[in-house]
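These notes concern the structure reproduced below.
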Amino acid sequence: MIEGRPSDTALQVAAARAAHLRFDPAPHLLDDHQAADLLGTEALSMVDLYADDGPWMLVENRLFLPLRARYVEDRLREGYLRGVRQFIILGAGLDSFVFRQPKELEDVRVFEIDHPSMQTWKRTRLAALGWAIPDNARYVPCDFEKSRVPEALAATDFDRDQPAIVSWMGVVYYLEKATVDAALRDLSSILAPGSEVVLDAMRPWDELPERYAEIRAMMAAYLSGAGEPQVNRYRKDEIIRAIRVAGFSEARVEDREEIERRYLSPIETAIPLSHRFRLVVARVE
Ligand SMILES: C[S@@+](CC[C@H](N)C(=O)[O-])C[C@H]1O[C@@H](n2cnc3c(N)ncnc32)[C@H](O)[C@@H]1O
């Protein structure tokens, strides 16, 4: 992260969600109509990079990034049925859930926790757009490398006795593994039974199809220029072990074929599901 600047990767994720609506036919995985407005005119040109004739990795992201947001919101819907009314978004970036919160989930309280530089930028942008902050939204600044999530949440009305769904998408690989371990321990210590942490982890390069080797140097150069180098990757067993050691009762890596069946079969797309990420669920029983 570059102090005083928004996370460039957060802008990119919002651009991918906006591009999904612009370039892919309905039905969409996620109807994030707020993403384009949140980006602002300057960043909006990013959306064009995700067109069919753009770099193939960005086209893959145009599918995977809305899919992972939809996946989290599906976990929230499932949690809601068993009484979950709290939604924590760690490293929220330009997440727009609170502005398109469905009626049937309207009593869910949303805690957006993010790096202070990113959150300040977002709140300034929201003010410029004139969007009223919904009553159920809480904005909680926290630099995961310097502060602890439980302390940040202690300043809010987060209820430790009630379950929560925690979204931790697009963040883990920007943190040192020791920071990930500490955050997982912190989360397992404050989350009530019935809670879940849903995250994506980056797979090691040697597990990926060959085409990914072509983009390795270009990705590293972009990310280091943005001040957001990706500093970790996890094998399946390793992320499961990290979650279990942190005290969660269950750790599950989603099956790729099942994700394809659930999310890609119902839509019209020729874009392959990215191999770079794993979707992972940590549960508190
Ligand atoms: C790729 S974006 C993902 C944003 C959002 N979760 C999404 O999927 O649209 C990465 C997010 O992680 C946050 N982040 C990165 N390093 C962080 C840190 N040390 N502390 C807090 N947030 C951090 C950034 O501010 C940014 O919002």
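Every value quoted in this text rests on a predicted model; they were computed, and no experiment measured them. First listed ligand is number 1; within each ligand, the first listed atom is number 1. Position 1 is the first residue of the sequence; numbering continues from there.
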Practice problem: Find all atoms of ligand 1 within a distance of less than 4.0 Å from any non-hydrogen atom belonging to H115, and give their numbers and elements. | Solution: 18 (C), 20 (N), 21 (C), 22 (N), 23 (C), 25 (O)
Quiz item: With a 4.5 Å limit on heavy-atom distance, are the side chains of F111 and R109 in contact?
Solution: yes
Quiz item: Judged by non-hydrogen atoms, does D95 sit under 4.0 Å from ligand 1?
Solution: no
Exercise. In plain terms, say whether E285 and R283 are close enough for a salt bridge, that is, a side-chain N and a carboxylate O under 4.0 Å apart.
Key: yes
Quiz item: Looking only at atom types and distance, does a side-chain atom of N232 sit under 3.5 Å from a main-chain N or O of V172, one as donor and one as acceptor?
Solution: yes
Quiz item: How far is atom 24 (C) of ligand 1 from its nearest protein heavy atom, and which residue and atom is that?
Solution: D114 OD1, 3.4 Å
Practice problem: Please determine, by modelled atom types, if Q12 and N61 share a side-chain donor-acceptor pair under 3.5 angstrom. | Solution: no
Quiz item: Closest non-hydrogen protein atom to atom 19 (N) of ligand 1, residue and atom name please, with distance?
Solution: D143 OD1, 3.0 Å
Quiz prompt | Distance-only donor-acceptor check, side chains E104 and Y80, under 3.5 Å | solution = no
Exercise. Return the residue, atom name and 0.1 Å-rounded distance of the protein heavy atom closest to atom 1 (C) of ligand 1.
Key: T9 OG1, 3.1 Å
Exercise. Pick, from P6, G91, A226, the option with the minimum heavy-atom distance to atom 4 (C) of ligand 1.
Key: G91
Quiz item: Between L65 and ligand 1, which residue portion shows a heavy-atom distance shorter than 4.0 Å: side chain, backbone, both, or neither?
Solution: neither
Quiz item: Would you say the side-chain atoms of D114 and Y139 include a donor-acceptor pair closer than 3.5 Å?
Solution: no
Practice problem: Run the numbers for me: atoms of ligand 1, each under 4.0 Å from some heavy atom of E145, listed by number. | Solution: 19 (N)
Quiz prompt | Nearest-neighbour protein heavy atom for atom 20 (N) of ligand 1, which is reported as residue plus atom name and distance | solution = F144 N, 2.8 Å
Quiz item: Taking only heavy atoms of G170, which atoms of ligand 1 are found under 4.0 Å from at least one of them?
Solution: 1 (C), 2 (S), 3 (C), 10 (C)
Quiz prompt | Atom indices of ligand 1, in the order listed, that fall short of 4.0 Å to a heavy atom of R68 | solution = 7 (C), 8 (O)
Exercise. I would like to know whether E78 and R75 meet salt bridge (charged side-chain N to carboxylate O under 4.0 Å, His left out); could you show each step before the answer?
Key: CA-CA 5 Å; E78 206 179 299; R75 302 298 319 159; 3.6 Å; yes
Quiz item: Of the listed options (K122, M169, R17, Q12), which comes nearest to atom 9 (O) of ligand 1 when hydrogens are ignored and any heavy atom counts?
Solution: R17
Quiz item: Below 4.5 Å, heavy atoms only, C-beta onward: do F99 and D32 meet side chain to side chain?
Solution: no
Practice problem: Tell me which protein heavy atom sits closest to atom 16 (N) of ligand 1, plus the residue, atom name and distance to 0.1 Å. | Solution: M1 CG, 3.7 Å
Quiz item: Of all the atoms in ligand 1, which lie at a distance below 4.0 Å from a heavy atom belonging to S7?
Solution: 24 (C), 25 (O), 26 (C)
Quiz item: Minimum heavy-atom separation for S167 to F87, with atom names?
Solution: CB-CE1, 3.8 Å
Quiz item: Where on A69 is there a heavy atom closer than 4.0 Å to ligand 1, on the side chain, on the backbone, on both, or on neither?
Solution: neither
Exercise. Record the part of M118 in heavy-atom contact with ligand 1 below 4.0 Å; permitted values are side chain, backbone, both and neither.
Key: side chain
Practice problem: Run the numbers for me: atoms of ligand 1, each under 4.0 Å from some heavy atom of C142, listed by number. | Solution: 20 (N), 21 (C)
Exercise. Compare all side-chain heavy atoms of L175 with those of W168 and state whether any distance is below 4.5 angstrom.
Key: yes
Practice problem: Using a strict 4.0 Å cut-off to heavy atoms of V13, name the atoms of ligand 1 that fall inside it. | Solution: 1 (C), 7 (C), 8 (O), 9 (O)
Quiz item: With atoms numbered from 1 as shown, which atoms in ligand 1 lie under 4.0 angstrom from a non-hydrogen atom of L175?
Solution: 19 (N)
Quiz item: Going by atom types alone, do R256 and H275 pair a side-chain donor with an acceptor below 3.5 Å?
Solution: yes
Practice problem: Compute the centroid of each ring, for F23 and then for Y50, and state whether the two points are separated by less than 6.0 Å. | Solution: no
